[in-house]
Amino acid sequence: MTLRNRDIATLFKRLADLLEIEGENPFRIQAYRNAAETIEGLAAPVTELVAAETDLTQYSHIGKDIAEKIEGVVATGRLAALDEVAQRVPPELADLMGVKGLGPKGVKALHDHFHIRSVDELEQLAREGRVRELSGFGAKKEAALLEGIHELHARQYQRTPLAEAEAQAEPLRAWLAAVDGVECIEIAGSYRRRRETVGDIDIVVACADGAAVMERLVRYDGIERVASRGTTRSSVILADGLQVDVRAVPTESFGAALMYFTGSKQHNVALRQRAIQRDLKLNEYGLFQGDDAVAGADEPGIYRQLGLVWIPPELRGDRGEVEAAERDHLPALIEADAIRGDLHAHTTWSDGRDTLEDMARGARARGYEYLAITDHGPRVRIANGLSPERLQTQAEAIAELDASLDGITLLKGCEVDILADGTLDLPDEVLATLDIVVCSIHYNLRQSRQEQTDRVLRAMENPYFMIWGHPTAREVNRREPIDIDLERCLEEAAEHGIAIEVSAQPKRLDLNDAGARLAREKGCRLVINTDAHSVGNLDLVRHGVDQARRAWAEAEDIINTRGLVELRKALRTPPGG
DNA sequence: GCCGTTTTCGGCCCGACTGTTTTCAGTCG
C-alpha cells in the first residue's frame, strides 16, 4: 500500500500526542502538529515530492529537521522519533486523548496511577467508580469521561458530510434567529469554509442579551443533551450526535467573533501573528490597540486594519491566502450563478429517476442554456446501461425533444466506462456521434497504482475522451480514492484538452479541493457537474461550486460557465469534429 | 521545532467553561 500524505501526517500527530503526554516543550509539539497539517493539505503526494528531491522546507511549518524526518518516513515507512518515544510512552495512550475531557495531563495521571493503556480499560475503571480515587478527578469528571467514551464509540471519529450538516444546522439557525434583539446570526467553522465534512457546528450570534439566546437554545427540540452552558458560550449535542457550539457576542464584536470561529485555526494563528507584528491584539472581541478597539464589528474592517483585503472563508486555510490578500491578488472565486449548464445527467433511459423531458424542463427552469444527457454506457449493466442501438434510439428522442423545446439546448452524450484495460465500453464510431463524452471509472477500483494510472492514460489517448468524470471514484466517508498517479494523469489531460469533473454529488465531491487545485495548476480546465439522477439533483450544483472555490477556481477555469458556442470551443475537439 | 516588516535568538493565539481547587489547572475550540 502506498504511503499517503494522511498516513505520514498521522505519524507526526501521534508523535506530538506522545510527547505531550511526556510533558515535552509545548511549542515543539505544536511544531509537529503544524507540520502534520501542512502535509495533509499538500496536493501532491509527499512520496513523489521526495522522489523528485523537492526541497520540503519551502512548505510552511516544515524546517530542516522535519524535512529530514519526512524523508526518513518515505524511505523506511517508519518515523524513527516516534519509535523512540514509543519505548518510553505506550503508543496506545494517544488513543485515550480522543476521549473528550481527557487531555495529556489526565492521560499521564491515569497511566501513572492505574497503568491503564486503552479506552476499554478506562471505561471499566470508570464504571467501577475508581477513577475518582485519583486526586484531580471527581465523580462528575468520571461521569463526563464515560459520556466521552460513549460518544467516541457512537461517532467512530466520523465527521458529518456538509450537506447533512446543513440539514441539521439551518433549522437551528432559524430557531435562534427568532430571539428578540438578535442582530446577526451566522454559522461559522468549517461549515462556512465549505469543507466537505464538518466536525461540529459553530453558530455566532450578535445580540445584546446572550442569556436569552442560550435560554432558547436549550429549549430546541432536536437536542440530546446540553454539554456546557454559559451566558456567552454554550455547547449542545443534537440527537444524531452532532455537536453545536453557540457563541453570543455584542454587535461591535460580531465580525471578530465570526472570523475567530470560522477559522481555520491555522489562518487565525497567521492573522494573530500579523496583528502582533503591528502592535495590535486580535481576539474574538475585536482588533485592539492597547485597550482601544480599532475594528471588530465586521470582517472586512479587521482585514483592512491588518493590511489585507477580505479573504473569502473558502480560502482560509493558511495555503497562501494571506500573502495573496496582502498583494490584492486573491482569485475572483466562481459564484454559483455563473454555471450555465450541466454536462453530466442521467434519465430513465439508464438509472435516472426522471424522464428525458422532465430533466430537460428542469434544467430550463433553473435558467440553464444547455444540458448534456449522459446515461451510462453498456458496462454498467445494473444501471441499465445503453447499448449502441439504444443510444442511437435515445439520440433520436433527444433530437426530437430539443427541436420542440425553446430556451435550452440538449446535448447528446454518454457516461462511458473506462474498462480495466483502459479501453472504453463503446466503439469510436458510436462516440463520434455524440456531443459530450464523459469517461468514468466504476469498476476494478482495486487495481495497483501502476495499472490504474496506465488505464486512465490509455483511455485519454482516445480522441473522444472529453471529460474525466468523478476521477478518483472516492465517496465521502465511505470509499477511499483509487490509487493513481493523479498528477501524471492531470498533465496528460491538460495536454489533450480534457476537462476534469468536479462532481457536485455530496457523496462524491470528486475531485476534491486539493485535487481540483492541482488540476488547475497543471493547466486543466474544470467542469462542475451534478451527475444528476433526478430533476432535484440539478440543484446540488452549489456543492460543486463550493469545492471549486476551495480550489481557488475562477469562473474562467470552469468550462460550463461559458455559453454554448464558447463551451464547444473549450471541449476537446475529436477528429473531424 | 519553526520562524523572521523590532530576523538567527527568543518568541510561539487566547479566552470560556468545568470541576476541583479554596485561587486555579486542564481542556476545548
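Sequence lines set the chain letters: A, B, ... in the order given, protein chains first and strands last, and positions in each chain run from 1.
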S.K.: Atom CG of Leu287(A) and atom C1' of dC14(B): how far apart are they, to the nearest Å?
M.R.: 14 Å
S.K.: For DNA chain B, find the residues of residues 246-271 of chain A with a heavy-atom distance under 4.0 Å and give them by number; none if there aren't any.
M.R.: Arg247(A), Tyr260(A), Val269(A)
S.K.: Using nucleotides 3-5 of chain B, report all nitrogen or oxygen pairs with the protein that are shorter than 3.5 Å.
M.R.:
| unit_1 | atom_1 | unit_2 | atom_2 | d |
| --- | --- | --- | --- | --- |
| dC3(B) | OP1 | His61(A) | N | 2.4 |

S.K.: Atom CE of Met97(A) and atom NZ of Lys105(A): how far apart are they, to the nearest 0.5 Å?
M.R.: 10.0 Å
S.K.: Quote, to the nearest angstrom, the P distance that separates dC13(B) from dT18(B).
M.R.: 26 Å
S.K.: Within the sub-3.5 Å range, which N or O atoms of nucleotides 21-24 of chain B have a protein N or O partner, and how far apart are they?
M.R.:
none

S.K.: Paired with dC24(B): which nucleotide, if any, by Watson-Crick or G-U wobble criteria at under 3.5 Å for both distances?
M.R.: dG19(B)
S.K.: Mind calculating the distance between CD (Gln243(A)) and P (dC17(B)) to the nearest angstrom?
M.R.: 14 Å
S.K.: Tell me which residues in residues 22-38 of chain A lie within less than 4.0 Å of DNA chain B, going by non-hydrogen atoms.
M.R.: Asn25(A), Phe27(A), Arg28(A), Ala31(A), Tyr32(A)
S.K.: Quickly work out the Asp279(A) CG to dC13(B) C1' distance and round it to whole Å.
M.R.: 16 Å
S.K.: Taking only heavy atoms on the protein side, list every residue of residues 104-122 of chain A lying under 4.0 Å from any atom of DNA chain B, sorted numerically.
M.R.: Pro104(A), Lys105(A), Gly106(A)
S.K.: Can you name the salt bridge (charged side-chain N to carboxylate O under 4.0 Å, His left out) partners of Glu323(A), sequence neighbours left out?
M.R.: none
S.K.: Measure the distance from NZ on Lys100(A) to P on dC17(B) and round it to the nearest whole Å.
M.R.: 16 Å
S.K.: Choose from dC17(B), dC13(B), dT20(B) the nucleotide whose nearest atom is closest to any side-chain atom of Ile276(A).
M.R.: dC13(B)
S.K.: Quick one: does Glu321(A)'s side chain have a donor or acceptor within less than 3.5 Å of a partner on Arg319(A)'s backbone?
M.R.: yes
S.K.: Quick check on dT7(B): syn or anti? Syn means the glycosidic torsion is within 90 degrees of zero.
M.R.: syn
S.K.: Can you tell me the distance, in whole Å, between the CG atom of Leu102(A) and the P atom of dT20(B)?
M.R.: 14 Å
